[in-house]
Amino acid sequence: MTTVFSAHIKRGVADPGCPAELIPAEIRQAAELWENKGEGARQEIVELLSKHLKANFVPSNICGLDELIVETDDVEAFEVVATGFYFGERELPSVTAYANYRLTPVGPVDNERLEEWQDEEGEYLTDGVNFFWAFEDPKGDWCHVLSDHEGAGIEVVE
């Protein structure tokens with residue numbers, strides 16, 4: 001039986017240097033909407049950004065996870081939603097988002113058990129979470145993972 005875990009990230013950014021020609025039209029459109037309409041276009045911008053935002057969970061990034069979670073292969077989030085953004089000096093905006101995963105726990109798990117396991121192991125499920133832009137750089141010149149952020153977390157939701 002699977003359990004839904006929800007991860008979130010606050011103002012995550014990819015490495016700078018994304019070639020402009022790789023940025024999808026929807027993200028360029030979102031930037032233009034923000035510049036021209038501001039807050040009035042927030043929902044439309046969030047929807048445009050969400051189309052190109054993905055997340056996965058990488059169990060191999062966490063030692064001892066087999067005591068808590070059955071999965072050993074990467075798990076793609078079944079839902080990824082941008083909830084906020086900031087267009088600054090970068091090619092791509094910073095993004096606040098959440099992602100939901102279905103994972104199979106070894107036994108009963110709730111947020112208290114999750115916190116206990118993390119404290120005991122000194123490992124954190126957020127170390128297995130990757131949010132990333134879902135368009136590729138064929139030359140591999142930049143990292144599309146939102147590796148820098150202002151905070152992240154994960155919790156059991158059902």
Side-chain angles (χ1 to χ4, degrees), residues 2-62 65 68-105 109 111 114 118 123-158:
T2 62
T3 299
V4 176
F5 288 77
S6 186
H8 62 272
I9 189 170
K10 181 178 179 184
R11 292 194 67 171
V13 295
D15 287 346
C18 177
E21 65 273 11
L22 296 179
I23 298 174
E26 291 92 350
I27 294 177
R28 291 193 306 273
Q29 180 184 358
E32 289 174 20
L33 282 169
W34 182 251
E35 188 175 312
N36 296 327
K37 295 184 179 180
E39 279 297 321
R42 176 170 284 283
Q43 185 57 41
E44 188 177 355
I45 293 168
V46 163
E47 289 172 14
L48 289 167
L49 296 177
S50 292
K51 290 179 181 181
H52 294 283
L53 191 61
K54 301 289 182 201
N56 67 355
F57 182 75
V58 183
S60 62
N61 285 354
I62 305 167
L65 187 61
L68 187 69
I69 301 293
V70 171
E71 283 78 13
T72 56
D73 295 331
D74 295 1
V75 177
E76 186 173 333
F78 68 86
E79 178 181 41
V80 182
V81 178
T83 58
F85 54 87
Y86 175 74
F87 287 98
E89 302 293 320
R90 296 174 167 263
E91 303 86 0
L92 296 166
S94 66
V95 179
T96 298
Y98 70 86
N100 290 325
Y101 305 88
R102 285 187 183 91
L103 302 173
T104 309
V109 65
N111 287 314
L114 176 59
Q118 291 179 133
E123 296 282 343
Y124 300 91
L125 261 60
T126 53
D127 292 341
V129 174
N130 292 311
F131 285 87
F132 56 92
W133 291 111
F135 54 93
E136 297 296 326
D137 176 4
K139 295 180 184 176
D141 291 339
W142 73 285
C143 180
H144 59 284
V145 174
L146 307 182
S147 54
D148 291 332
H149 55 80
E150 294 180 2
I154 192 167
E155 64 185 354
V156 177
V157 293
E158 25 174 280

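Hydrogens, waters and symmetry mates are skipped; everything else that's a heavy atom, side chains included, is used.
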Flag if over 12 foreign heavy atoms under 6.0 Å of CD, Glu76: no

Answer yes or no: is there a side-chain heavy-atom contact under 4.5 Å between [X] and [Y]?
X      : Y      : value
Phe135 : Cys18  : yes
Val75  : Arg102 : no
Trp133 : Leu22  : no
Leu103 : Thr3   : no
Ile69  : Pro59  : no
Val80  : Tyr101 : no
Ile62  : Tyr124 : no
Leu114 : Leu68  : yes

Working for side chain to side chain contact (heavy atoms under 4.5 Å, CB included), residues Phe57 and Leu65: CA-CA 12 Å; Phe57 182 75; Leu65 187 61; 3.9 Å; yes

Atom of [X], atom of [Y] and distance for their closest heavy-atom approach:
X     : Y      : answer
Ala55 : Phe131 : CB-CD2, 3.9 Å
Ala82 : Ala97  : CA-CB, 3.9 Å
Phe5  : Val156 : CE2-CG2, 3.6 Å
Arg11 : Ser94  : NE-OG, 3.5 Å

Gap separating the [atom1] atom of [X] from the [atom2] atom of [Y], nearest 0.5 angstrom:
X      : Y     : atom1 : atom2 : value
Leu146 : Asp15 : CG    : CG    : 10.0 Å
Trp34  : Phe87 : CH2   : CZ    : 8.5 Å
Asn61  : Asp74 : CG    : CG    : 8.0 Å

Thr83 side chain vs Thr96 backbone, donor-acceptor pair below 3.5 Å: yes

Exam field: side chain Thr126 to backbone Gly153, donor-acceptor pair closer than 3.5 Å: no

Intermediate values then yes/no, side chain to side chain donor-acceptor pair (under 3.5 Å), Asn56 and Asn130: CA-CA 5 Å; Asn56 67 355; Asn130 292 311; 3.3 Å; yes

With sequence neighbours excluded, residues passing salt bridge (charged side-chain N to carboxylate O under 4.0 Å, His left out) with Glu39: Arg42

All side chain to side chain contact (heavy atoms under 4.5 Å, CB included) counterparts of Asn100, not counting sequence neighbours: Val4, Ser6, Phe78, Glu79, Tyr98

Would you list the atom pairs, donor with acceptor, under 3.5 Å between side chains in residues 24-31 and any protein atom, with sequence neighbours excluded?
residue: Glu26; atom: OE1; partner: His52; partner atom: NE2; Å: 2.9
residue: Arg28; atom: NH1; partner: Ile23; partner atom: O; Å: 2.2

